[in-house]
Protein chains: 2
Amino acid sequence: MLSIGNLSKTSGVKVPTIRYYEKIGLIAPADRSQGNQRRYEADDLKRLIFIKHARDLGFHLDDIKSLLTLKEDTSCPCSGADEILTRHLSDVRNRISRLQRLEAELERMSHCEGECVAECSVIESLADHSHCLYEH
Amino acid sequence: MLSIGNLSKTSGVKVPTIRYYEKIGLIAPADRSQGNQRRYEADDLKRLIFIKHARDLGFHLDDIKSLLTLKEDTSCPCSGADEILTRHLSDVRNRISRLQRLEAELERMSHCEGECVAECSVIESLADHSHCLYEH
DNA sequence: TATAATAGCTCTAGTCACTATAGCTTCAAG
DNA sequence: CTTGAAGCTATAGTGACTAGAGCTATTATA
Ligand SMILES: [Zn+2]
Ligand SMILES: [Zn+2]
Ligand SMILES: [Zn+2]
Ligand SMILES: [Zn+2]
């Protein structure tokens, strides 16, 4: 049996975050010691590591909840899981291209030759979108 | 004089957002009509357009606040503005590379040949980071 | 001028995924 | 047996809005 601190160290998930996950129902209410402290076993650790990994990969908590539900029933078709991943992947790709347009824009703005604010190309570019390369 | 609705249409910033910006002190409290409705003039519109553009470019509100303060005093050296932009640009670049590593990881996971959850490569990959290409 | 539709007002609470704090209790090592 | 670390609950804060309730002002038409 693990204390919440040990579960935290082993999983890499912070203690308040574990309690938060319990509160929102992402993990089941933990067993308690006689003094009312949370106690965990191997299965809880596995579930938490799954959650941590999916979070590190950028999945939303409600998608993670769905994935965990799917995972329970090993006879289920996995198309649901594949669909969540595909959606997330295209979301990540959208964010990348949006950020790349941003990068180009900021890069363009960053070559300021001025000395004072009146002639600063950064301020000027921010004030006037018509100098921009893209829509944002 | 513009009503808040017209200011909103002209600037592209939603009405509740304008009120929110006033509340947090990003824009000055507006003049009021006899019936206590907000009234704006050209300068307010310019400031709001600046804010909108900077937000579209991903700047944080407190950086925008600093940029606006700098912008007021046209005789100031602009190194402060340039520094804010440089910091933001490197932040954007970090996010891009993080997301690109994520994309590669998710792409790798997405080729599931299985039928049911028991043999789903998505679920399997999420459960076990050791298959991953990168740290996250 | 009366009325009705639209727009505006304030205030509160909700979003997401945590994080921080305060004030208390339990546990484990020495 | 004492002490300090770790755990407990509950509440509030983060950023940048967004939604809703319940009210009032403005404006266009009849
Ligand atoms: Zn400059
Ligand atoms: Zn622009
Ligand atoms: Zn699959
Ligand atoms: Zn991984």
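This structure is a prediction, so every number in the text was calculated from the model and none was measured. First the proteins, then the strands, lettered A, B, ... as listed; each starts at 1.
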Margin query: Can you confirm whether A/D63 sits close enough to A/H88 that some side-chain heavy atom of one is under 4.5 Å from a side-chain heavy atom of the other?
Written below: no
Check: How close do A/L70 and A/A81 get, heavy atom to heavy atom, and via which atoms?
Finding: CD1-N, 3.4 Å
Checklist line | Contacts of type salt bridge (charged side-chain N to carboxylate O under 4.0 Å, His left out), residue A/E72, not counting sequence neighbours | finding: A/R47
Checklist line | N/O donor-acceptor pair under 3.5 Å between A/E105 side chain and A/C132 backbone | finding: no
Check: Between A/C116 and B/S75, does a side-chain contact (heavy atoms from CB on, under 4.5 Å) hold up when you go through it step by step?
Finding: CA-CA 6 Å; A/C116 61; B/S75 67; 5.7 Å; no
Note to self: Please report the distance, rounded to the nearest Å, between OH in A/Y40 and C1' in D/dC8.
What the structure shows: 12 Å
Next item on the list: Establish, with yes or no, whether the OP1 or OP2 oxygen of C/dC9 is under 4.0 angstrom from a side-chain nitrogen or oxygen of B/R19.
Entry: yes
Tabulate protein N/O versus nucleotide N/O from nucleotides 15-18 of chain D, keeping only pairs under 3.5 Å, one per line.
residue	atom	partner	partner atom	Å
D/dA16	OP1	B/H60	ND1	2.8
D/dA16	N7	B/Y20	OH	3.4
D/dC17	OP2	B/Y21	OH	2.7
D/dC17	OP2	B/R55	NE	2.9
D/dT18	OP2	B/T17	OG1	3.4

Next item on the list: Could you state the atom-to-atom distance from CD1 of A/I18 to P of C/dA17 in whole Å?
Entry: 17 Å
Next item on the list: In whole angstrom, give the distance that lies between atom NZ of A/K52 and atom C1' of C/dA17.
Entry: 14 Å
Notebook entry, point to check: Got A/S121 and A/H131 here, is their nearest side-chain heavy-atom distance under 4.5 Å?
Noted result: no
Item checked: Below 4.0 Å: OP1/OP2 of D/dT26 and any side-chain N or O of B/R38 -> no
Checklist line | SG on A/C78 to CD1 on B/I123, rounded to 0.5 Å | finding: 7.5 Å
Note to self: Within this structure, what is the CG-OH distance for the pair A/D56 and B/Y134, rounded to the nearest 0.5 Å?
What the structure shows: 16.0 Å
Check: Atom CZ of B/R32 and atom P of D/dT24: how far apart are they, to the nearest Å?
Finding: 16 Å
Check: For residues B/H136 and A/H53, is any side-chain donor paired with an opposing acceptor at under 3.5 Å?
Finding: yes
Margin query: Between B/S3 and D/dT26, is there a contact of a side-chain N or O with OP1 or OP2 at under 4.0 Å?
Written below: no
Check: CD1 of A/I24 versus P of C/dT15: gap in Å, rounded?
Finding: 12 Å
Check: What does nucleotides 25-30 of chain C look like as a protein-contact string, B for base, S for sugar-phosphate only, - for none, at under 4.0 angstrom between heavy atoms?
Finding: -SS---
Next item on the list: Using whole Å, report how far CG of A/D63 lies from C1' of C/dA17.
Entry: 14 Å
Item checked: Length of the line joining A/I64:CD1 and C/dC16:C1', which is rounded to integer Å -> 12 Å
Check: Whole Å only: how far is the CG atom of B/L2 from the C1' atom of D/dT26?
Finding: 16 Å
